[in-house]
Each structure stands twice: as C-alpha cells, then as structure tokens.
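Note on naming: letters A, B, ... go to the chains in the order of the sequence lines (proteins, then strands), and numbering restarts at 1 for each one. Excluded from the calculations below are hydrogen atoms, water molecules and symmetry mates; all remaining heavy atoms, backbone and side chain alike, are included.
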Number of protein chains: 2
Amino acid sequence: MNESAAPRKRRGSGRATIHDVARLAEVGSITVSRYFTEPGRVAAKRSARIAAAVKELGYVPNLVAGGLASSHGRVIGMVIPNISGPIFAHTIQSFSDTLSRHGYQLLLASSYFSAKQEESAVRAFLGWKPAALVVTGRFHNRATEKLLNTAGIPVVETWDYQPRRKPIQVGYSNHAVGEQAARYLYAKGYRRIAFVQNSVAGDLSAVDRSDGYAAVMREHGLEPRVYVPTAEAPFDAGKQAIEALALGRGKHAEAIIFANDNLAAGALLAGQRAGLKIPEQCAIVGFGDYAFSPLLLPSLTTIRPPGREIGEIAALRILEQLGVLPASTQDSRLNLLACELIERESA
Amino acid sequence: MNESAAPRKRRGSGRATIHDVARLAEVGSITVSRYFTEPGRVAAKRSARIAAAVKELGYVPNLVAGGLASSHGRVIGMVIPNISGPIFAHTIQSFSDTLSRHGYQLLLASSYFSAKQEESAVRAFLGWKPAALVVTGRFHNRATEKLLNTAGIPVVETWDYQPRRKPIQVGYSNHAVGEQAARYLYAKGYRRIAFVQNSVAGDLSAVDRSDGYAAVMREHGLEPRVYVPTAEAPFDAGKQAIEALALGRGKHAEAIIFANDNLAAGALLAGQRAGLKIPEQCAIVGFGDYAFSPLLLPSLTTIRPPGREIGEIAALRILEQLGVLPASTQDSRLNLLACELIERESA
DNA sequence: TTGTAAGCGTTATCAG
DNA sequence: CTGATAACGCTTACAA
C-alpha cells in the first residue's frame, strides 16, 4: 500500500502518451494525432487545449510508434566510405541539413570502401524502415544490389555518375575528371605525364580517373604511366610516388596527376625537400581541393568535386520522390554535376 | 477476380514479417524472435529451418516494431556543432564505429553552435526513443537541459569537461588548454602574449581557453590581451588579427595564441606576406591540429584535442550504462582526457 | 525449449 | 471537424 497512486506499468517507457494528452485536453486521441500531422484540420479551441496539455505533460510524440503505424518512417539512411574524410563531410552536412529542414533524420554509417561493410550497413538500415537510402558510388556487391532493388524505397547513388544505370545518381564522372586533368596539362605543354593511384584498394573511383587520364594520353599518341604506391599513409605514398617518378636519374615525369590531394601534398613536400622545383621541374595536380591545398607553398592546383551540392541535390531528389517536394521539371534521374579545376601554383 | 491470390493488404509494407517466417519454418513466431535475439535458446533443428525460411523470404527484422514492443530502440542520437568541421569528424567516426560494432545505429544532427538548433535536434531525437543521447559541450539552454534531464536515458556531454557536473562527461578542460598554451610561450621567454578569439559567436569553449590564458598571464603579473576579430571567414579573421596585433607601429605582440588553427593559418600566411618573420618576430600557437597544420611553412605549433578518443570513450561509457558492456572499474562519470601540445616551427 | 496472449503508442479506416 | 476501432510487427509475461 506504500505504492504511489499511479499503477506501476509492466511495459512502456512511463512517459506521457498521446492518450494522456487526449485525456487532459478532453479530446479524442486521434485529434491529438491530427494536431501534430495536419494542424489545419483541428478547430482552434481544441488546438489550444491540446497545446496546453502537451506543454504540461512535456509530451513528445513517439515517432517509433508512428512509424510502425503509418509504415513510413522519417529517417533516411546514408552509407559513406569515410565520415572523417575531407571531402565527404560536406556532403553529409548539406544532406543532413536539407533533410532536417523537412522533418527527416539522418541515419549514418561508414563502409571504409569495403563492399562487405556497405552491405551490412544497408541491411541494418533496412530494419529501420527508412524512407530512402543513399549510398556512395556505383560499385556494390550482389547482395547489396539485391537489398537495394527490393527495398521498395528511393535509392540514390552519390559521388559517381554513369550513363545508363537505373538508380537515381547524383555526382560527376570520374572518368571525365581524369580527362580534365590530363587535357589541362597537355594544353600547358606537358607530355611526360604520369598518374599516381590511391594506395587504398577499393577506391574504385580513382581507377575511373586514371582511365580517363589514360584515354587522353592515348588520344594524343602518348604512353600512359600509372604508378601505384604501396605505402599505406597517404603522405608517405605521395612521397614514394614522386621519388619513383621524378627524382633520381632516368626518372623524369614532367607532370603528375594524383588520385587525391593528400598524395599530392606528400609528393609536393617531399619533392621540395629533395630540391625539386615545382612546377618548373615537375608540375603537380591533385584531386579534392582539401582545406590545406590553397595553403601549401606552392599552392596546389587541383580539381574540386561538388561535395556540398551532391548532398543537397541528393536530398532534394529524395524529397521529390517521397512527394514532399513537387517533382522538378528535369529528369530527376540525371544529376550530372561538374568538377571545377582550380588553377594554382603547382601546375 | 483477376486479383492475385494474396489478399491486398490495406496497411503494412508488404514485406515478409516474422509471422511469415514462422509459418514457413513451421515454428511459433516467438521462436523466430528468439532466433535473432538469443540464438542460444533455440534448438539447432529449428534454427536451421528458420535460417532457411529467412533466406528464402529475404526477411529483415523490423526494428521499428521491435523498438516499440521492447521500448528500447537501438539508435543513439548525437548532436554535433558542425559535421564538416575538421575536428568533430573524427569523433563522429569513432563513435559510430564503436556503436555499430555492438548493433547500435547513429542518428546525427548538427547545431551550428546554436542553442536553439541544439534544442530542436534533441527534441527530434527524443521522438525516436533513442537508447542514449550525446551532446557537445556543457552549454545548453534551459529547455534542452530539461529535455535531457527527464529523458530517462544515458546522456553524455563531449568535448568539454567541468568538475562537479552531473552528466557523464568525456572531454578535456578548455581552460587548461588555454593555460597550457600560455605557459608554453611564457617558458620560452615570451611576455607580450595575446589571444585571438573565434569570430563565430557561440563557440563558448574558445572563451574558456582565453580565460585559461588570461589566468596564467595574471599569475605572472602580465596584462592579458584578448582580441576579437569581426571578419566572418576564419582565414580573414586571422589576417585581421595579426594586422591589429603585430603589424604596424605600436603593434608588437611577441606571441599570439589563436582560438583555432584556421585563424592561426590565416594569420601566418598574412604575416609572411607582410614580411613578418615567424616565429622570430611573432610566434604563433593554434588549436585543433588540423590536417594542414603540419604542412604550413613554417609548420604550425598547435594543441591537438583527442577527437577520436572522445568518440570512442563516449560510446564505451554509453554501452556500459546500457549494460551492453561490463561497467569499468573507474567512476565512469569522470573522463578527463589530455590535449597534446604539438611543438612545430611557428612557436 | 517452445508457445499463447496481451500489449507497445501511434495512425488508417470508416462512420458520424 | 471529430471519434471508435483495428491494425502496424514485434517482444514481454507467463504458462506449458
């Protein structure tokens, strides 16, 4: 008998529910539900009573229950290779911001460029009945493809763009980026141009870029030269590459395109320390336009991917698919963005 | 009559449920549930049948329904000021990784150093019945405090540490960081030491750092000098600061501590361009150890916050609180980490 | 070890 | 404009 008046419940969180609010406001619980989802359809008098009750009880709608009942949750899952990577962060940020502006929440996981980890992330997300899913790149394993295809929700592939694929894609052509860098150097008069791959296996987008570079080289009757460093750490890998390509006798690349700015920065610093004049003796082009790239001496010529735009446009396309926003006039499956070549001192 | 055999359902996602699996495997649905949550308690024979049925139907457990039934979801919300900021990304990454290793998912939102946005993010998260919540810093508005206090779930404050606060804290003392920088410069013989604030209002942690700096100055009978730039963009603000403090006649700070590495980098580049010798004429200390800091010329002496550790330890403390991991022996409310002063060329 | 019954807190449906 | 009722898909409590 020393129990408090309220009967101890065996289940439940103990927090106020929609029914508690309804009771206090003396309305039906469904009216409270409408108060939150379609405020316009509730009479002003009742709205006021409900508002008061909500405030008094500190009621917060249980979105888990709501999601179950309506079978459409308001979370959107995103799988990104590397959250702390310098380029994906902006995509996450703009994606999350655009979504939350429309009442959706971001569920995030990273794959570290591993198809297996990507699969398990997608599988875990699917259990949350997300309204949509975003993945990075167009390379997935069979199981992931199947999960994505049968999910029955909008799926967007970001950071890559390939004609003739079914899913919505928001990104740019890595092949075109490779071409862009090679053409730029060719136009400047360089002929012995090399390409340095990422030492992180699994970064298949970098392979596309080197293919683009190789295509331009062959187009001009030149021999492509792709170097793949073995060092794990990017700065070290860059150093290793420039030593192999431009330092020492017989090594005389006139210009080098790097798979990313980390590699380029490592090469740039190692090259200078070894007395190599950049860009006079060897020009350097990176990819990514990281925060440090304009600060290097010489500052780094690089190609800037549209990270922020990708996140925002992906979110907009999803919201259109969900009917939250009116469909745009253009074919929303095609979202080919351009990368900007930032001309600085290193090339 | 041309309808397919399966009756069209009015609600539901149409995907296989636990009951479909149970029917196919000829077991009770609760056994399927146990197959996923406590595999050890299901006999091998039935396990095999269930596994086959799961595979055939492509069944993925509905975590929304599970969360509702068990009243404890497996998502954990995190509010961070700036996802794309150079220092928080590592925290997010290590936090997310540690959680997902234990079957929890990360729900992410950003506050942009705005207490109001933080409040709305917390409110939105609460509706998802998260297992725990992580916020950044110890400064929240009243409403957020109340939401956090009455949530009835573990709450962790990261990136700051203040004795005598109730919530679990994982971070470092910004005051101590300010002291650390000032003592370092004092020990090197500098006396006219200034501090440059962040121009982003709302970054209250930087205020703690300047307080720490001021305390050390007064301790040595020196006058603290805190400069607050007005320029919005960090590089510009840094430039503005060094012009005000070290360039031109009568301006002769011997050393400057900056609220972050962005400001310091802006100052460093502007100073050099103006012919200022660093560190001979003016030493510079930053905060954050961003990716570019070791690449600058001169490389930037700075203080490195333990971003990765914060994320991982926060996750571990949460998992302990949830009973997923055994409680650590130490008082888990106290997680004071140290920041490392990275001595480079600029000071 | 397995199963039955009863919720979890919300919204779709349909009737006023 | 408002409300009663029955799902949504799972897990807890309890019984066998």
Side-chain angles (χ1 to χ4, degrees), chain A residues 7-50 53-54 57-75 103 126-129 131 152, chain B residues 7-23 25-50 54 57 59-74 126-131 152:
Chain A
R8 166 96 48 75
K9 287 175 144 189
R10 326 187 166 197
R11 302 176 71 163
S13 59
R15 298 206 51 141
T17 73
I18 205 170
H19 303 298
D20 299 324
V21 175
R23 206 173 306 126
L24 187 59
E26 299 180 299
V27 299
S29 2
I30 191 68
T31 306
V32 179
S33 172
R34 288 198 187 103
Y35 169 81
F36 283 104
T37 54
E38 305 167 276
R41 284 184 49 187
V42 177
K45 236 174 204 164
R46 295 186 186 224
S47 275
R49 291 217 306 275
I50 292 171
V54 165
L57 296 170
Y59 170 71
V60 176
N62 183 332
L63 300 173
V64 178
L68 177 58
S70 66
S71 71
H72 64 69
R74 287 182 119 63
V75 287
L126 250 21
W128 284 103
K129 300 290 160 188
Chain B
R8 165 91 54 71
K9 287 174 142 190
R10 328 187 164 197
R11 300 177 72 164
S13 58
R15 298 204 55 139
T17 73
I18 204 170
H19 304 296
D20 299 325
V21 175
R23 203 174 308 126
E26 299 180 299
V27 299
S29 1
I30 189 66
T31 306
V32 179
S33 172
R34 290 200 184 100
Y35 169 81
F36 283 105
T37 53
E38 305 166 278
R41 285 184 47 185
V42 178
K45 235 174 205 163
R46 293 181 189 226
S47 274
R49 291 215 307 275
I50 293 172
V54 165
L57 296 171
Y59 170 70
V60 176
N62 183 333
L63 300 172
V64 178
L68 177 58
S70 66
S71 69
H72 70 283
R74 286 180 120 64
L126 249 21
W128 286 104
K129 300 287 159 190

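If you take CD of Glu26(B) and P of dG3(C), they are 11 Å apart, rounded to a whole angstrom. Spacing between atom CG of Leu63(A) and atom C1' of dG9(C) amounts to 11 Å, rounded to whole angstrom units. In this structure, NE2 of His19(B) is placed 13 Å from P of dA5(C), rounded to the nearest angstrom. Straight-line distance from the CZ atom of Arg49(B) to the P atom of dT2(C): 9 Å, rounded to whole Å. Following rounding to the nearest Å, Arg74(B) (CZ) and dT11(D) (C1') show an atom-to-atom distance of 13 Å. Residue Tyr59(B) contributes atom OH, which lies 8 Å from atom C1' of dG9(D) at whole-angstrom precision. Taking atom NZ of residue Lys129(B) and atom P of nucleotide dT11(D), one finds them 18 Å apart after rounding to whole Å. One interatomic measurement links the two molecules: CD1 of Ile18(A) to P of dC8(C), which rounds to 15 Å at whole-angstrom precision.
Note on Arg46(B): a side-chain N or O is less than 4.0 Å away from OP1 or OP2 of dT2(C).
For Ala69(B), the listed nucleotide lying nearest its side chain is dC8(C); candidates were dC8(C), dT10(C), dG3(C). Looking at the side chain of Ile30(B), the nearest of the listed nucleotides dT2(D), dT12(D), dT10(C) is dT12(D). Comparing dT2(C), dG3(D), dG9(D) by their closest approach to the side chain of Thr31(B) singles out dT2(C). Distance from the side chain of Leu68(B) is smallest to dG9(C) among dT11(C), dG9(C), dG7(C). Comparing dG9(D), dG9(C), dA12(C) by their nearest atom to the side chain of Asn62(A) picks out dG9(C).
Among residues at least two apart or in separate chains, salt bridge (Lys or Arg N to Asp or Glu O under 4.0 Å) pairs with a member in residues 22-31 of chain A are Asp20(A)-Arg23(A). Residues in residues 27-44 of chain B take part in these side chain to side chain donor-acceptor pair (under 3.5 Å) pairs, two or more places apart or across chains: His19(B)-Ser29(B), Glu38(B)-Arg41(B).
Closest non-hydrogen pair, Ala65(A) versus Leu68(B), comes out as CB-CD1, 3.7 Å. Taking all atoms of both residues into account, the shortest heavy-atom contact from Gly28(A) to Ala22(A) is C-CB, 3.8 Å. Contact between Gly73(B) and Ala131(B) at its shortest, heavy atoms only, is O-CB, 3.6 Å. In this structure, Leu57(B) and Ala16(B) approach most closely via the heavy-atom pair CB-CB, 4.0 Å.
Put simply, CG on Leu126(B) and CG on Asn62(A) are 10.5 Å apart, with the number rounded to the nearest 0.5 Å.
Comparing Gly66(B) and Gly28(A), the nucleotide of DNA chain D nearest to each residue sits closer to the 5' end for Gly28(A).
Within residues 32-44 of chain B, the residues having any heavy atom under 4.0 Å from DNA chain C are, by residue number, Arg34(B), Arg41(B), Val42(B), Ala43(B).
The end-to-end axis angle of the helix from dT1(C)-dA16(D) to dG16(C)-dC1(D), rounded to 10 degrees and based on five pairs per end, is 20°.
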Verdict with supporting geometry, Val54(A) and Phe36(A), side-chain contact (heavy atoms from CB on, under 4.5 Å): CA-CA 11 Å; Val54(A) 165; Phe36(A) 283 104; 3.9 Å; yes

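Each of Val21(A), Val42(A), Ile50(A) was compared with Val27(A) under the side chain to side chain contact (heavy atoms under 4.5 Å, CB included) criterion, and only Ile50(A) meets it.
In this structure, the side-chain contact (heavy atoms from CB on, under 4.5 Å) partners of Arg74(A), at least two apart in sequence or on a different chain, are His72(A), Tyr104(A), Trp128(B).
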